[in-house]
Each structure stands twice: as structure tokens, then as C-alpha cells.
Amino acid sequence: MADESLDERVAALEERVTRLESAPPEADRDEVFWALEGLRRRLTGQGQVLFTGAVDLPNGEHYEWQQGAAAHGLLDADWSEHAAPYAALGHPVRLTLLRGVLRGTRSAAELQETAGLNTTGQLYHHLKQLTAAGWLQAEGRGHYQVPPGRVVPLLVLLSAVVPTGNRTTGE
């Protein structure tokens, strides 16, 4: 780029801006795989996995998140090293607690009621599992939150198992 003249660089930028401005923003939304097409334009190597989201929670908090990984790195990794975070999600009470926190219930007393637990011992057993796995963090005495970096990933995991009308292909 250092060898290019200023005129060449400006001309290249003008061409890129013209291409960007000529396509209406709605065009990508009409594509079946509009997010995948955006990723495909940036692919390197043997593929990548990307998840992203923008979430407004009922309590007014807003989160945006994007995370990607090279497919070969994921396939080569020892998946068993990551069992604990998934195991922590494997109980209906814990999922109820996480849903409650994302919906604005933050105090232990309210969470106990939300989950329909009879004892604080039951509650703290489940809260301990969720905090140890990184799905919850204490934000003060008896109050909990889902860490900001876990909000969208948690919803991505949920969306992966909830049936939707999204189209897929096995290409």
C-alpha cells in the first residue's frame, strides 16, 4: 500500500464506497443466509463458525456480542475439557434461574421463589453450579447477574435446541 500513490488509493476507496452505497441495506435481509453470506465474504482457511447477537433485556440492559472460531481449531480441540459449562446448564432449575436473571430477577430470595425451591440450600446448590461454570456472577450480597460476555452465548445455546423455522443446508 505504501507504493500506491494517493490518487490510486483515493480511487480505490471511492470504488468501494460506490459499491457499498449502490446495494440497498434490505438486500441482505432478503437472502436466506444473509448472515452466512457476510461470513463467507470474510472466510479464510477451511471455514469458520460465527455467532452474533444484539439483545435488549426486559430490565433495559443492552448487549451486543460477536464471536468466531476457525472450524479446524474447534474440530481439533479436546471437547471434554469444556464439559462443565454444559453440565451446569443440564438441570431445569438452573435454566429457570438463568432465565429469571436475564428477565431482571436478581436477588436470591426472588430467584428462590421464581424457581419454586423450598430451601435456600437447594437454591445455593444451583447458584454455585452456575457461578462455578461462569454462567452467573455475584454482583453484590445475594444478587446475581449473567456476565455480559455470556448473555448472547447463552441465548445462542438455547436457540440451537429450540426448533425454529430457519432453513439449513448440508452443502
Enquirer: Looking at every heavy atom in both Val146 and Val101, which two are closest together, and how far apart are they?
Expert: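 Scanning both residues, the minimum pair turns out to be N-CG1, 3.7 Å.
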Enquirer: Do Glu81 and Trp79 get their side chains close enough for a donor-acceptor pair, meaning under 3.5 Å?
Expert: no
Enquirer: Do you know which two heavy atoms are closest between Ala88 and Ala133, and how far apart they sit?
Expert: CB-CB, 3.5 Å
Enquirer: Who pairs with Leu117 by side chain to side chain contact (heavy atoms under 4.5 Å, CB included), at least two apart in sequence or on another chain?
Expert: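 Here the qualifying residues are Val93, Gln112, Ala115, Gln122, Leu123, His126.
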Enquirer: Roughly how far, to the nearest 0.5 Å, is CG of Leu155 from CZ of Phe51?
Expert: 10.5 Å
Enquirer: Share the residues that join Leu74 in a hydrophobic cluster, the rule being Ile, Leu, Val, Met, Phe, Trp or Tyr side chains under 4.5 Å apart at the heavy-atom level.
Expert: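 Traced through the cluster, Leu74 reaches Val49.
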Enquirer: Any chain of hydrophobic side-chain contacts (each under 4.5 Å) joining Leu97 to Leu158?
Expert: no
Enquirer: Search all heavy atoms of His62 against all heavy atoms of Ala54 and return the closest pair with its distance.
Expert: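 Distance-wise, the nearest heavy atoms are CE1-CB, 4.3 Å.
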Enquirer: Going from CG on Leu50 to CD on Gln66, what distance comes out if it is rounded to the nearest 0.5 angstrom?
Expert: 5.0 Å
Enquirer: When you look at Thr52 and Val152, which way does the side chain to side chain contact (heavy atoms under 4.5 Å, CB included) test go after all the steps?
Expert: CA-CA 7 Å; Thr52 185; Val152 172; over 6 Å; no
Enquirer: How long is the gap from OG1 on Thr105 to NE2 on His143, to the nearest 0.5 Å?
Expert: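 These two atoms lie 10.5 Å from each other.
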Enquirer: Out of curiosity, Trp135 CH2 to Leu98 CG, how far, rounded to the nearest 0.5 Å?
Expert: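 Atom-to-atom, Trp135:CH2 and Leu98:CG are 8.0 Å apart.
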Enquirer: List in chain and number order the residues that pass side chain to side chain contact (heavy atoms under 4.5 Å, CB included) with Gln145, two or more places apart in sequence or in another chain; answer none if no residue qualifies.
Expert: Arg106, Gln137, Glu139, Pro148
Enquirer: Let me confirm one number: the OH-CG distance from Tyr63 to Leu102, rounded to the nearest 0.5 Å.
Expert: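 Nearest 0.5 Å value for the OH-CG distance: 8.0 Å.
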Enquirer: Closest approach of Asp78 and His82, non-hydrogen atoms and distance?
Expert: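 Minimum heavy-atom contact is O-CD2, 3.6 Å.
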Enquirer: Suppose we screen for side chain to side chain contact (heavy atoms under 4.5 Å, CB included). Which residues come up paired with Tyr86, at least two apart in sequence or across chains?
Expert: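 Side chain to side chain contact (heavy atoms under 4.5 Å, CB included) list for Tyr86, sorted by chain: Leu157.
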Enquirer: With sequence neighbours left out, what residues match Glu113 under side-chain hydrogen bond (donor to acceptor under 3.5 Å, both in side chains)?
Expert: none
Enquirer: Any donor-acceptor pair under 3.5 Å linking the side-chain atoms of Asp7 with those of Ser5?
Expert: no
Enquirer: Determine yes or no for a side-chain-to-main-chain donor-acceptor pair under 3.5 angstrom, with Trp65 supplying the side chain and Val151 the backbone.
Expert: no
Enquirer: Between CG of Leu130 and NE2 of His125, what distance do you get to the nearest 0.5 Å?
Expert: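 So the gap between those two atoms works out to 9.5 Å.
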Enquirer: Quick one: list whatever passes side-chain hydrogen bond (donor to acceptor under 3.5 Å, both in side chains) with Arg150, sequence neighbours left out.
Expert: none
